Amino acid sequence: MNQLGFLPFVCISVQVVKHLEPFRLSLEKLKEVSTRLRKDMIRGLGKHTHHRAAVKMLPTFVRATPDGTEKGDFLALDLGGTNFRVLHVRVMEEEQKMVKMDSQLCAIPQEIMLGTGEQLFDHIAACLSEFLDSQNLKGQTLPMGFTFSFPCEQKEIDKSILIRWTKGFNCSGVEGEDVVKLLKEAIHRRGDYDISSVAMVNDTVGTMMSCGYRDQTCEIGMIIGTGTNACYMEEMKNVKRVEGEDGQMCINTEWGGFGDDGSLEDILTEFDKVVDRTSINPGVHTFEKMISGMYLGEIVRLVLMKLTEKKLLFKGEVSEALRTKETFETKFISMIEEPDSGLENAKKILTELGLTWDLVDARVVRLVCETISSRSARLCAAALATIVDRIRANRGLPHLKTTVGVDGTVYKKHPKMQLSMHFLAPDCKIKFLVSEDGSGKGAAMVTAVAHSLSKHPHCMMVPPLCFIVRND
Ligand code: BGC
């Protein structure tokens, strides 16, 4: 620092703040965003408007949250990020708990994430085979839940058509295909074991269901991790694309696609546009790209580049690392924001990125990180407020008290979205329940609920599981 003490920071920050202004969303703007999402959700649910809707509002065929009486042994598969997991889960009614008996993790290398669908499913089938061998489970047919965390048009609980890849996956020959069929074909190609039914689950649904086992008022599941999304229990009479008027069905909103029709143009910054243009799926999942872990670090990097070019940082000197795409990891944001060690972490990270910094630089970087993560939190809060308020209005209640099951590292590191909820959904009291392994255990729970529902007398059997309840 020079003789002027902190004055240079004040001077620079005025200009820096000007550059960060487009990321600051007022409460009014957030309410507007929420109103737009509400309209898009209605469009997504409609029979004739669905195909053009940016927010897909996908029926999941999950018609009930857990009632605490579920039990049994299940296999859970989980694919949604850079790893594939298989778990053996035991649901114990007496103690109302789910126990992970064992599990196995298989990395999905980049070349498989971008290879053919056949390679991906062969890899998954091989991992599953190894696990069944290690557990001596070949020959047994445990009911299986598959958490597949991508947007799928579910035809039935065990028929799920991938609409599009997200989060860095782009395997050929899978979009438009039934994921269960591709998995079964891969298993048949091996010929060393077989599976019976597979209940397909989005990770938001898994999160809602696993939290729902602990707290039966949980009727929303939300993920803010590598990607972002939410599901909730909708009244059947509003789910126009599925037969039946009674009861409820869980809807996978796929809110990550919000804005894909240009409806968020006014809040997109020049940096968001670069992130989208340089992604492997330009033009899709606009909302997700402003919020989730796959993109936040890159937004920060682009802002830092811009500020450096404007000579507001690092004396105008950009390092080779900072110039390189995706070198500023999303985890750096929370490290730099830490209340006690944040500034020290910033200094270490900037040094590792080959930058020459001073204290003012470190503070500016911290301000950039706070701004980007706050925008993410506020946008999520606006979207969640829309859902919560919709549930309240659906039930004609003046006030709603409800629980949201949450998962994802971005949420866990930045729980500040809770603060905005009070202003955005003033008529709702919301409890956040952080899920413990919702993707894994949730798949088991969906399968368990599916099995107990299939014993219900009013269920029409959709072999092997029951999901469509009819009045006649
Ligand atoms: C996918 C969703 C998923 C979310 C969180 C998004 O990219 O489209 O299906 O729930 O990521 O994993």
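Atoms within a ligand are numbered from 1 in the order they appear, just like the ligands themselves. Remember, predicted model here, so these are calculated numbers, not experimental data.
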Side chain to side chain contact (heavy atoms under 4.5 Å, CB included), paired with K289, selected from L268, L296, D276: D276
Option among K240, R63, R241, R390 that satisfies the salt bridge (charged side-chain N to carboxylate O under 4.0 Å, His left out) test with E234: R390
Where at least one partner belongs to residues 154-183, residue pairs that pass ring-ring contact (aromatic ring centres under 6.0 Å, His included), sequence neighbours excluded: F148-W165, F150-W165, F150-F169, W165-F169
With sequence neighbours excluded, residues passing salt bridge (Lys or Arg N to Asp or Glu O under 4.0 Å) with E185: K181
Cystine candidate C231-C250, SG separation under 2.5 Å: no
List of N/O pairs, ligand 1 versus protein, all under 3.5 Å?
| residue | atom | partner | partner atom | Å |
| --- | --- | --- | --- | --- |
| ligand 1 | 7 (O) | T166 | OG1 | 2.8 |
| ligand 1 | 7 (O) | E288 | OE1 | 2.8 |
| ligand 1 | 7 (O) | E288 | OE2 | 3.0 |
| ligand 1 | 8 (O) | E254 | OE1 | 2.7 |
| ligand 1 | 8 (O) | H285 | NE2 | 3.1 |
| ligand 1 | 9 (O) | F150 | N | 3.4 |
| ligand 1 | 9 (O) | N202 | ND2 | 2.8 |
| ligand 1 | 9 (O) | E254 | OE1 | 3.4 |
| ligand 1 | 9 (O) | E254 | OE2 | 2.6 |
| ligand 1 | 10 (O) | N202 | OD1 | 3.0 |
| ligand 1 | 10 (O) | D203 | OD1 | 2.6 |
| ligand 1 | 10 (O) | N229 | ND2 | 3.0 |
| ligand 1 | 11 (O) | K167 | NZ | 3.2 |
| ligand 1 | 12 (O) | K167 | NZ | 2.8 |
| ligand 1 | 12 (O) | D203 | OD2 | 2.5 |

For K29, all residues meeting salt bridge (Lys or Arg N to Asp or Glu O under 4.0 Å), sequence neighbours excluded: E32, D266
